[in-house]
**Q** 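Dumping the structure here so I can ask a few things about it.
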Amino acid sequence: MIKPLPFTISKTENFFDQLGDYVGDVFYDILPEKGYELRDEQIFMAFQVEQAFKQKKTIFAEAGVGTGKTFVYLLYAICYARYMRKPAIISCADETLIEQLVKEGGDIEKLQKALGLQVDVRLAKAREQYVCMKKLDPLSNQTDDEDILRVHDEIPNFVYDQSTSMNAFKSYGDRKEYPWVPNDKWEQIAWDPLQQCSTCDWRHRCGQTLNREYYRHAGDLIICSHDFYMEHVWTKESRKREGQLPLLPEASCVVFDEGHLLEFAAQKALTYRFHSETLTTVLTGYMSQDVREESLFAIEELLALHDEWFEVLRETAKQVEGSQRREVPRTKEMQALASKMDKQVQIILEQLVFDSELFVLEDYHIKMIEEYLEFFSYGLSILLKEDEGIFWLEENATETSFVIMPRLVEDILKKEVFTQNIPFVFSSATLSRNKDFSYMSNSLGIDEALSFSVESPFDYEEQMNIYGHIDEDEEKKWEEIGSKLVENDGRSLILFSSVEEMNRFRSFTEQQNWLFQMIYEGDGEISEAVKEFQFNETTVLCSYHLWEGLDVPGQSLTQVLISSLPFPPQDPVFKAKRMHALDPVEEVDAPYMLLRLRQGIGRLIRSSEDKGAVHIWMNRAQKEKHEASIQEVFPVSLNWQ
C-alpha cells in the first residue's frame, strides 16, 4: 500500500523544495528534540545526497563512523519511494548489516519513533537463507540429528498438507528462525544452486517463494544483500524469458550500504558453477527419453569426459587458508579435457535439434537441457580464453563444484545497472583513497558520479587507544590475547583473518578456565550470536567476517583484538588481481588490508560515550613495510607494546 508523504505538497509546489525543508526540520529540530545530537557532518551529508536524488545520479557518500549516515539515506529513500510510488531498495553487504537495520531498536525503528512514521519495510533474503524442503524432508527420515529434526518439526503443517487452502499460507523457513543450527548443518538443509526450483514439487509451499511474493508488494523499502541484488541483475532477463518475475521489482532508487564491497558481490553473482553431479542429472533425464542411438553415444562420451575432468580437478586442486576456494592450476590436461567437452556439447546440441523434430522429447525437457548445455558451453569458453576467467574448486562432504568467475565486471554493471535513470547512493566510511573515488567508479563501470567525504564526529583522541604487538610465535600471541581478555573481563571482539586462524585460537581457549563466555562465528545463526554478545556484557565474540557491519555501542564492546593484519587470501580471485597489477602489494594487498583494518577498528567506538582500546598483532616484516601506511589511516597514534 502506498503511504502518504510525511510533509504536505500542493500542485504548485516542487517536491524537492518541500523535501529539503522537511529534511532541514528533521535534522535541525525534530531529532534534537527527541534527544539526538545535532551533527554538522550529518546535515552536510543530507544536502549532498539530495543532489543525487534531484539529478537522478550516482553518489559516493563517504562518511565516518558516527555521522548518522543511515538516517540520512533512509529518510531520502522513504520519501522518494512514496513520491515515485515504487519501493526503494537498500542493498547491504551481508545479513548482519541487514539485521542492524531491522532489529528491535535498530535504525529503522528509531527513525519511525522519532518521526512518527510507519515504514513498510520487507526483507528479500538470499536463497541460501531459506530451508529447502526438497532436502530437509528426506533427510529427516534418514538422520537422528536433533538440530535438523527440530527444524523439521517446526515447519508449519500447511507445508505438508496438500489440501490446505492458499489462505492458510504464511511466511516460514528463514535461517533466523532456527538460531540453534550451526552453519555446517544448515548447509545440509538450505537451498543451494543444485536445486531445480522450477520443477520442484514443493515450489508453491516453499518458504522463499512465499516470502518473494510478500516483499514484492513493499510500499517503502525492500532490504536485501549485495549478493541478492546482483543475482537479481544477473538473472532478470533469463527469468523474464522463462515467464517468471525478476527477483526484485522495479525500484525508485538503490542504496548500497557498505558499497565498497559491491564489486566482489557482482563477481560472485556472475559466476558459472559446474557441480559434479548436475550434468549427469540433466543428461540422464535426456537419455531416459526415446532418443536416437547417436544421441546416446554422444551423451555417454560427454559424461565420460566430464568424470575424467573432475578427477583431474580434484587431484590437482590445492587448499588455500582463509578461503573455501581450492586453487586449480591451468594444466594442459585440464584445458584439453575442457576443449573436448566443449566440442562434445556442440554435438549434443545438434543432436537435440534432430530429436526435438522427431517429437521424442517434451518441449519443457528440450528447453531445460538446451539452457543447461548452453550455460555449460559458455562457462567453458571463458575458461578456455586466456586471462578472461578466474576459476577454482569448492568441495564439501556431499559435492564438488568447479567455479568460473569473469575477471572484470564493470562492462556488465555499466550496462545492466548504472544506465538506469534513478539515484544510486553508495554509503560507507571507506569508499575512497585519500578522497579519490576513481578506483571505485572504474571498477564498477560508473562513468560519472557525485561524491563527498566527511570525517567522523567522534573525539578519537579521548575515546580510543590503539596498541601494536609483534607476533613472533602464535602460541605466545594466543597467551597475550588471553591476558587482554582477562584484564578486560571479556567485553571484547576478536577479529581473525580466516576461519582456520580462529579455530587455532579456539583450540587454545579450550585449555583455559576463563569465567566469561566465548562465542564463535558459525556455531549458530549470526544475528543471534551478535544479540547474545550485545546483551551479555562479559561475553567475547570471535569472528572472521564481522570486520564491518557490527554495531554494538556500550559496555559489551570496549576492546577490539585484531589477531593479524587482514591481507586478502592467496586464492584464485586475488591471485588474478595481483597478476594484472603493476605493483601487487601496493595495488591489491595493501589497499584491501588497510580498508579492512579501518573497518575493523571502526567496530569499537559507536557512540560519543564509548571508550576502549584496539590491539593489533603483526610480524616484524609487516611492521617495517606497512607501519607508515597503517598509521595514516588510523584516527589516533599507534603505540607499541
Side-chain angles (χ1 to χ4, degrees), residues 1-10 13-54 59 61 63-92 97-124 215 217-224 251-257 422-423 425 427 454 457 551 553 606-609:
M1 183 180 73
I2 302 299
K3 298 193 175 188
L5 287 164
F7 53 87
T8 57
I9 179 170
S10 69
E13 291 173 320
N14 179 276
F15 166 74
F16 286 106
D17 289 342
Q18 298 304 107
L19 175 63
D21 290 344
Y22 175 66
V23 169
D25 290 343
V26 167
F27 290 115
Y28 280 113
D29 299 321
I30 300 175
L31 289 180
E33 287 173 7
K34 299 291 184 179
Y36 291 90
E37 283 183 58
L38 178 65
R39 294 174 180 169
D40 291 338
E41 296 88 353
Q42 187 179 46
I43 294 167
F44 176 79
M45 176 181 177
F47 289 105
Q48 293 297 312
V49 168
E50 182 181 333
Q51 296 306 310
F53 281 84
K54 274 185 176 180
I59 187 167
V65 176
T67 305
K69 51 186 173 288
T70 308
F71 270 21
V72 173
Y73 74 62
L74 283 175
L75 189 59
Y76 278 101
I78 292 165
C79 291
Y80 197 67
R82 295 184 180 186
Y83 174 63
M84 298 298 292
R85 297 180 175 270
K86 295 177 184 176
I89 291 174
I90 312 294
S91 175
C92 299
L97 272 166
I98 293 174
E99 186 64 23
Q100 297 294 339
L101 284 175
V102 301
K103 70 181 181 180
E104 186 177 344
D107 287 326
I108 291 176
E109 184 180 288
K110 288 177 183 175
L111 195 66
Q112 288 185 109
K113 287 181 178 179
L115 303 182
L117 286 174
Q118 283 299 315
V119 181
D120 181 10
V121 54
R122 308 187 188 191
L123 304 187
Y215 71 65
H217 298 286
D220 292 325
L221 305 175
I222 296 174
I223 303 181
C224 66
S252 57
C253 62
V254 181
V255 176
F256 296 112
D257 196 344
I422 62 173
V425 179
S427 172
V454 293
D551 185 15
R606 307 302 297 178
S607 75
S608 56
E609 288 78 39

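The figures that follow rest on heavy atoms only: side chains count, while hydrogens, waters and symmetry mates do not.
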**Q** Between the side chain of Tyr83 and the main-chain N/O of Leu5, is any donor-acceptor distance below 3.5 Å?
**A**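 Not at all, since once roles are kept as given, no pair shorter than 3.5 Å links the two residues.
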**Q** Looking at Pro4, is its backbone amide N or carbonyl O close enough to the side chain of Arg82 to form a donor-acceptor pair, meaning the two atoms are under 3.5 Å apart?
**A**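 Looks like yes, one N/O pair under 3.5 Å.
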**Q** Could you go through Tyr22 and Val26, starting from their C-alpha distance and side-chain angles, then the distance that decides it, and tell me whether this counts as side chain to side chain contact (heavy atoms under 4.5 Å, CB included)?
**A** CA-CA 6 Å; Tyr22 175 66; Val26 167; 3.7 Å; yes
**Q** Before giving the answer on side chain to side chain contact (heavy atoms under 4.5 Å, CB included), spell out for Val23 and Tyr76 the whole-Å C-alpha distance, their side-chain angles and the decisive distance to 0.1 Å.
**A** CA-CA 8 Å; Val23 169; Tyr76 278 101; 3.7 Å; yes
**Q** Tell me which one of Phe53, Phe7, Phe16 satisfies side chain to side chain contact (heavy atoms under 4.5 Å, CB included) with Cys79.
**A**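 One option only clears the test, and that one is Phe7.
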**Q** Taking Gly66's backbone N and O only, do any of them form a donor-acceptor pair with Arg39's side chain (distance below 3.5 Å, no angle check)?
**A**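 Between the backbone of Gly66 and the side chain of Arg39 there is a qualifying donor-acceptor contact (under 3.5 Å).
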**Q** Using atom types as modelled and distance alone, determine if a side-chain donor or acceptor of Glu41 lies under 3.5 Å from a backbone N or O of Ala63.
**A**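 No, the answer is negative, given that no donor and acceptor are paired below the 3.5 Å cut-off.
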**Q** Please give me the minimum heavy-atom distance between Ile422 and Cys253, naming the atom from each residue.
**A**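 Scanning both residues completely, I find the closest heavy atoms to be CD1-CA, 4.1 Å.
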**Q** Determine the minimum heavy-atom distance between Lys34 and Ala114, stating which atoms define it.
**A**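 Here Lys34 and Ala114 meet closest at CE-O, 3.3 Å.
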**Q** Taking all atoms of both residues into account, what is the closest heavy-atom pair of Ala81 and Asp220, and its distance?
**A**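 What the structure gives for the nearest pair is CB-O, 3.5 Å.
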**Q** If I compare all heavy atoms of Val65 with all of Arg606, which pair ends up nearest, and what's the gap?
**A**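 Minimum heavy-atom contact is CG1-NH1, 3.4 Å.
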**Q** Locate the shortest heavy-atom distance separating Cys92 from Ile223; write the atom from each residue and the value.
**A**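 The answer is SG-CG2, 4.1 Å.
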**Q** What pairs with Ser91 under side-chain hydrogen bond (donor to acceptor under 3.5 Å, both in side chains), at least two apart in sequence or on another chain?
**A**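 Expected list: His226.
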**Q** Start with the C-alpha distance between Tyr73 and Val49, add both sets of side-chain angles, then the distance that settles side chain to side chain contact (heavy atoms under 4.5 Å, CB included), and finish with yes or no.
**A** CA-CA 8 Å; Tyr73 74 62; Val49 168; 5.6 Å; no
**Q** Using the side chain to side chain contact (heavy atoms under 4.5 Å, CB included) rule, pick out the option among Ile78, Val119, Leu101 that qualifies with Leu111.
**A**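 With Leu111 as partner, side chain to side chain contact (heavy atoms under 4.5 Å, CB included) holds for just one option, Ile78.
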**Q** Would a 4.5 Å heavy-atom cut-off, applied to side chains only, mark Phe44 and Thr67 as touching?
**A**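 Not touching, per the 4.5 Å side-chain cut-off.
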**Q** Inspect the surroundings of OH in Tyr28 and state if more than 12 heavy atoms from other residues, nucleotides or ligands are less than 6.0 Å away.
**A**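 Counting other residues, nucleotides and ligands, OH of Tyr28 stays at 12 neighbours or fewer.
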**Q** Who pairs with Ser10 by side-chain hydrogen bond (donor to acceptor under 3.5 Å, both in side chains), at least two apart in sequence or on another chain?
**A**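 Counting only residues at least two positions away or on another chain, Ser10 forms a side-chain hydrogen bond (donor to acceptor under 3.5 Å, both in side chains) with Thr12, Glu13.
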**Q** Which atoms form the tightest heavy-atom contact between Ser252 and Pro423, and what is the distance?
**A**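 Closest heavy-atom pair between Ser252 and Pro423: O-CD, 3.5 Å.
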**Q** Can you check whether Val72 reaches Gln42 side chain to side chain, under 4.5 Å on heavy atoms?
**A**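 The answer is yes, as the side chains (C-beta and beyond) meet within the 4.5 Å cut-off.
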